[in-house]
Amino acid sequence: FSPVSLGLQARLRPLPLILATGGGYVGYDQYGRYRDRELEKLGIEVEPRVANEAQVGLYKTIPTRLLSRAWGRLNQVELPTWLRKPVYSLYIWTFGVNMQEAAVEDLHHYRNLGEFFRRKLKPQARPVCDSHCVISPADGKILHFGRVRNCEVEQVKGVTYSLETFLGPHTWAESLVDATRNEDDASSFQDLLVTKEGNELFHCVVYLAPGDYHCFHSPTDWTVAHRRHFPGSLMSVNPGVARWIKELFCHNERVVLSGEWTHGFFSLTAVGATNVGSIRIYFDKELRTNAPRYSKGSYNDFSYISNNNREGVAMRKGEHLGEFNLG
Amino acid sequence: STIVLLFEAPRDFAFNLKAGQKIRYGEPLGSM
């Protein structure tokens with residue numbers, strides 16, 4: 001009964017309670033997911049189980065930006081030549097990377113994992129489709145696509161986020177949209193974006209897995225007029241989390257490029273995640289993402305339209321546009 | 001990481017995709 005053991009016992013006493021409560025909660029949650037899967041197998045549509053405010057708040061307390069920057073620092077450390085092959089081979093095996101398509105297949109060429117992650121592809125590895133007006137800007141998995149309705153965009157089936165929260169206020173378009181269309185004409189934010197009669201607003205979400213090629217390209221012929229950078233969280237954006245956290249893409253750090261294509265408004269948004277917190281746009285040297293400090297809910301605008309360039313940055317379909325970087 | 005495309009197009013624009021499918025840069029997403 002020494003004071004030390006009494007103190008230790010006092011500290012250990014809540015542990016079983018915490019474990020039992022946590023275990024019970026996880027068990028209940030897993031049973032619910034199991035039941036949903038069984039119902040889906042029977043063809044019964046099941047509402048996705050979306051996290052509540054408390055769960056999102058709890059998730060957001062995880063210092064994802066700090067972890068992301070630490071992960072980035074770690075992957076800038078130059079690896080000794082003898083260690084490169086085993087480290088990159090483990091990454092290749094874990095994430096199913098296809099090195100035959102890489103422009104440089106020799107693993108010793110990459111000084112660190114950050115460089116390996118930014119690897120380019122052989123030019124002929126990805127022929128750009130000529131017969132369609134919109135192509136995929138990156139390798140990945142199609143999470144969701146379709147028409148935008150009632151200013152809500154689906155990140156995955158059944159889980160939506162607000163178009164206006166995602167893009168921010170419609171101030172970037174003063175220079176794009178002709179003066180005749182003013183704000184009160186449009187019945188909603190969505191109508192503000194659609195500049196031509198008879199058009200609709202469409203969206204497509206491409207998820208890039210850790211083993212995918214992480215550069216992205218121009219999805220069509222368009223001119224980029226404006227960039228809006230939203231600093232934010234760096235929660236994971238894998239499909240499981242996208243099914244669980246509503247408005248996930250509005251919480252995370254992201255860079256919105258907007259402009260015009262032949263049919264009117266066009267935008268591409270790169271959304272960061274825990275392991276890939278940094279976003280680079282090749283023609284935008286000013287952009288700095290995943291900075292240590294930022295004020296919540298803030299964003300910063302940058303226009304590519306200047307006195308001697310009234311159009312913005314012209315991008316051809318398939319042209320190199322940017323990349324995600326570790327950390 | 002994720003890339004979100006948002007764009008206006010004529011009503012008859014159609015995606016030739018399936019949710020959950022793998023896709024590679026350069027492959028078609030859809031057309032009018």
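To find a chain, count down the sequence lines: A is the first, B the second, and so on, and within it residues start at 1.
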Locate the shortest heavy-atom distance separating [X] from [Y]; write the atom from each residue and the value.
X	Y	value
B:G20	A:K141	O-CG, 3.5 Å
B:T2	A:F249	CG2-CZ, 3.8 Å
A:W261	B:A9	CZ2-CB, 3.9 Å
B:L5	A:P219	CD2-CG, 3.8 Å
A:H214	B:S1	NE2-OG, 3.0 Å
A:C133	B:F13	SG-CE1, 4.2 Å

Using a cut-off of 6.0 Å, state whether more than 12 heavy atoms not belonging to B:D12 lie near its atom CG.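 Above 12, so yes.
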Counting heavy atoms not belonging to A:R316, are there more than 12 under 6.0 Å from its CZ?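 Counting other residues, nucleotides and ligands, CZ of A:R316 stays at 12 neighbours or fewer.
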For the candidates [options], which exhibits the highest count of non-hydrogen atom pairs separated by less than 4.5 Å from chain B?
options	answer
A:Y207, A:F166, A:Y213, A:F324	A:F324
A:S131, A:P239, A:G198, A:A273	A:G198
A:L234, A:V276, A:L257, A:V134	A:V134
A:L143, A:V206, A:V237, A:V128	A:V206
A:C129, A:A242, A:G140	A:G140

Part of [X] lying under 4.5 Å from any heavy atom of chain B:
X	result
A:F266	both
A:D212	side chain
A:A125	backbone
A:P137	both
A:L163	side chain

B:V4 vs A:L268, side chain to side chain contact (heavy atoms under 4.5 Å, CB included): CA-CA, chis, key distance, verdict: CA-CA 6 Å; B:V4 179; A:L268 177 146; over 6 Å; no
Take B:R24 and A:E101 through the test salt bridge (Lys or Arg N to Asp or Glu O under 4.0 Å) and record every step on the way to the result. CA-CA 12 Å; B:R24 308 202 310 178; A:E101 300 172 329; 2.8 Å; yes
Sequence-distant partners of A:E152, salt bridge (charged side-chain N to carboxylate O under 4.0 Å, His left out), two or more places apart: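 If we apply the salt bridge (charged side-chain N to carboxylate O under 4.0 Å, His left out) test to A:E152, skipping adjacent residues, the hits are A:K246.
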Spacing of [atom1] belonging to [X] relative to [atom2] belonging to [Y], to within rounding of 0.5 Å:
X	Y	atom1	atom2	result
A:F145	B:K18	CZ	NZ	9.0 Å
A:R126	B:E27	CZ	CD	7.5 Å
B:L6	A:Q190	CG	CD	9.5 Å
B:I23	A:L208	CD1	CG	11.5 Å
A:R147	B:R11	CZ	CZ	6.5 Å

For the pair A:H132 and B:N16, evaluate side chain to side chain contact (heavy atoms under 4.5 Å, CB included) and give the outcome as yes or no after the intermediate values. CA-CA 10 Å; A:H132 288 68; B:N16 45 357; 3.5 Å; yes
Exam field: side chain B:Y25 to backbone A:I135, donor-acceptor pair closer than 3.5 Å: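 No; judged by distance alone, with no hydrogens or angles, the pair does not exist.
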For the side chain of B:E8 and the backbone of A:G264, is there at least one donor-acceptor N/O pair under 3.5 Å apart?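 A pair under 3.5 Å: no.
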Could you walk me through whether A:C204 and B:F15 pass the side chain to side chain contact (heavy atoms under 4.5 Å, CB included) check? CA-CA 9 Å; A:C204 182; B:F15 286 103; 3.9 Å; yes
